[in-house]
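One structure is given here, and the rest of the page talks about it.
All residue numbers refer to positions in the sequence shown, counting from 1.
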Amino acid sequence: MTPADPPTYAPHSAYHVLRSVNNIDYSVASAGEAADSAPASPVSWSQSNAVVFGRGNRVHYKNMADTEDVAQQLCKVTSSLGNLRLVQCGGKDQPNIVALATSNGWIQLWDLVAKKMVMNWKLKSVTSMCFGENTLTVGDEKGTLRHYDPRVNDSTKLKEQLKKVTRHQGRILTGAWKEDGKFLATGDQNGLVLVWDARRPRVPLEVGEMVQRRRKMQHVGAVTALAWCPWQSKYLVTGDSTTEGAGTIRVWDVSLVDDNATSTSEWPTKVELDAQVTSLHFSPHIRELLSTHGPGKVAPPTMTPATPITPIEDPFTSIPLPVHVDPFVSRISNSAVVHQFPTMRRVTTVSVAKKNVAGSVLSPNGHRIVFEVPEESQLKVWEVWGKFKAPKAPSLYETCAIR
């Protein structure tokens, strides 16, 4: 009996491609008086291939097509508006628009090409932002979602056309529109995930597991990551972060809307991990999913036993010395993990930082990724997935040659 052959990976798999490219200086402004505010994430990657990010209260952008390009300043957030907390670039319908949000609830829309602000308005709080098809969706502290049309260039008309809905019961931490703009997923600090149909935006879909005769998508920890599968549209993948430092990745089949329908998936739908899940990304080129992780679980470093332990007793006294126990260190702390999908078999795990990997953004073409490491004041640019090369078709000479 021969051992099983080791798995083989395509040349454009992250197994072969994942590597560091360079770093960009980066910093996050403090939350100010709002000590319990949502995590700041002032970095995004535009459809025009510019990374837009914060350095304190200054917003910069860097053309990623030019390796020699120096980051340029787009604007500075004045102290009266609060501190910069979020940056979100527009989708394919708004390739040069970027939205900024501050700790005081101000939202600004900027044009990257013209380098000017085109709109601003104020809310009580802003905890998440995501762009869909001609839609900017904003989540707040109390669980309210607001849908704005970024094409409207008058703040009064913008508010008149506002679509507002409250179904979450806690701070909304993350949101993601499907690429076709038909469905939106949102997650909150209480672990609840909701999926919305753009045609009926007032009521979320009943999808997920059966809980008390209703379908529900529920995590143990706060929902900190969402990703729609680009090549199997029925799948939504979500990740959470618990207060103990653990995390879980869940795979949901959002096509199961019938009360009597049951999932018959032969693949895992739940992966429990020993570190927080801070972001999730699917490759558009290969069936792989990347997750990033925080520092993970850490056990108490020392303890003092109630009775002396002979091996470490001080030979000159009867006082026992403290027993030093190596703290539990997560196997995936501050790392990027790549999984095959939908099998969730691990492809590779790479440590990308010494401090917390707070999140990441994927390039529009899916080839590079930027890891956010605010405690190291760095954005770390890595290659992640290569270009798919279709097999070369045999020439007429090769097919017709006489053997």
Roughly how far, to the nearest 0.5 Å, is the CG atom of Asn334 from the CD atom of Gln276?
8.5 Å
Before giving the answer on side chain to side chain contact (heavy atoms under 4.5 Å, CB included), spell out for Trp196 and Val165 the whole-Å C-alpha distance, their side-chain angles and the decisive distance to 0.1 Å.
CA-CA 11 Å; Trp196 310 82; Val165 62; 3.9 Å; yes
Salt bridge check: are Lys142 and Asp140 linked by an N-O gap of less than 4.0 Å?
no
Within the 4.5 Å heavy-atom criterion, are Glu179 and Trp228 side-chain neighbours or not?
no
Could you check whether His293 and Ser330, counting side-chain N and O atoms only, form a donor-acceptor pair closer than 3.5 Å?
no
Taking the side chain as every heavy atom from C-beta outward, state whether Thr137 and Lys163 have any atom pair closer than 4.5 Å.
no
Which heavy atom of Ser279 sits nearest to which heavy atom of Ser360, and what is that distance?
OG-OG, 2.6 Å
Close side-chain approach of Val223 to Leu173, heavy-atom, < 4.5 Å
no
Donor-acceptor pair, distance only, cut-off 3.5 Å: does the side chain of Arg85 make one with the backbone of Ala29?
yes
Using only heavy-atom distances, determine whether the side chains of Asn134 and Gln94 contain a donor-acceptor pair under 3.5 Å.
yes
Output field: ring centroids Phe341/Tyr235 closer than 6.0 Å:
yes
Any side-chain heavy-atom pair of Asp25 and Gln378 under 4.5 Å:
yes
Any side-chain heavy-atom pair of His168 and Leu194 under 4.5 Å
yes
Please check: side-chain N/O of Asn83 versus main-chain N/O of Ser30, any donor-acceptor pairing under 3.5 Å?
yes
Would Trp110 and Gln108 satisfy side chain to side chain donor-acceptor pair (under 3.5 Å), going step by step from the backbone distance to the final call?
CA-CA 6 Å; Trp110 283 76; Gln108 296 182 344; 2.9 Å; yes
Is the closest side-chain heavy-atom distance between Leu162 and Tyr148 below 4.5 Å?
yes
I'd like to know if the side chain of Thr174 reaches the main chain of Ala225, judged simply by a donor and an acceptor atom lying under 3.5 Å from each other, with no hydrogens or angles considered.
no
Side chain to side chain donor-acceptor pair (under 3.5 Å) between Asn356 and Glu372: does it pass, once the steps are laid out?
CA-CA 8 Å; Asn356 177 36; Glu372 306 169 48; over 6 Å; no
Side chains of Ser283 and Val384 in contact at under 4.5 Å (non-hydrogen atoms)
no
Does Lys354 come within less than 4.0 Å of Glu376, counting only side-chain N to carboxylate O?
no
Would you give the length of the straight line joining atom NE2 of His285 to atom NZ of Lys387, rounded to the nearest 0.5 angstrom?
9.5 Å
Going by the rule side chain to side chain donor-acceptor pair (under 3.5 Å), which residues pair with Asp180 if we only count those two or more places apart in sequence or in a different chain?
none
Tell me if the CD atom of Gln232 is crowded by more than 12 foreign heavy atoms within 6.0 Å.
yes
So, Asp111 and Lys116, do they make that salt bridge, N to O below 4.0 Å?
no
Scan side-chain atoms only and decide if Thr248 and His219 contain a donor-acceptor pair under the 3.5 Å cut-off.
no
Arg250/Glu209 salt bridge by N-O under 4.0 Å criterion:
yes
Closest approach of Ala14 to Thr348 (non-hydrogen atoms, all atoms of both residues)
O-CG2, 4.3 Å
Is a donor from one side chain sitting under 3.5 angstrom from an acceptor on the other, for Thr102 and Asn104?
no
Under 4.5 Å between any side-chain heavy atoms of Leu236 and Lys178, yes or no?
no
By the definition side chain to side chain contact (heavy atoms under 4.5 Å, CB included), identify the one residue from Val347, Ile286, Val338 that meets it with Tyr15.
Val347
Using the rule given for side chain to side chain donor-acceptor pair (under 3.5 Å), can you reason through Thr135 versus Trp177, listing the C-alpha separation, both sets of side-chain angles and the distance that settles it, and then say yes or no?
CA-CA 10 Å; Thr135 302; Trp177 280 93; 5.7 Å; no
Does the side chain of Thr278 pick up a donor-acceptor pair with the side chain of Thr292 at under 3.5 Å?
yes
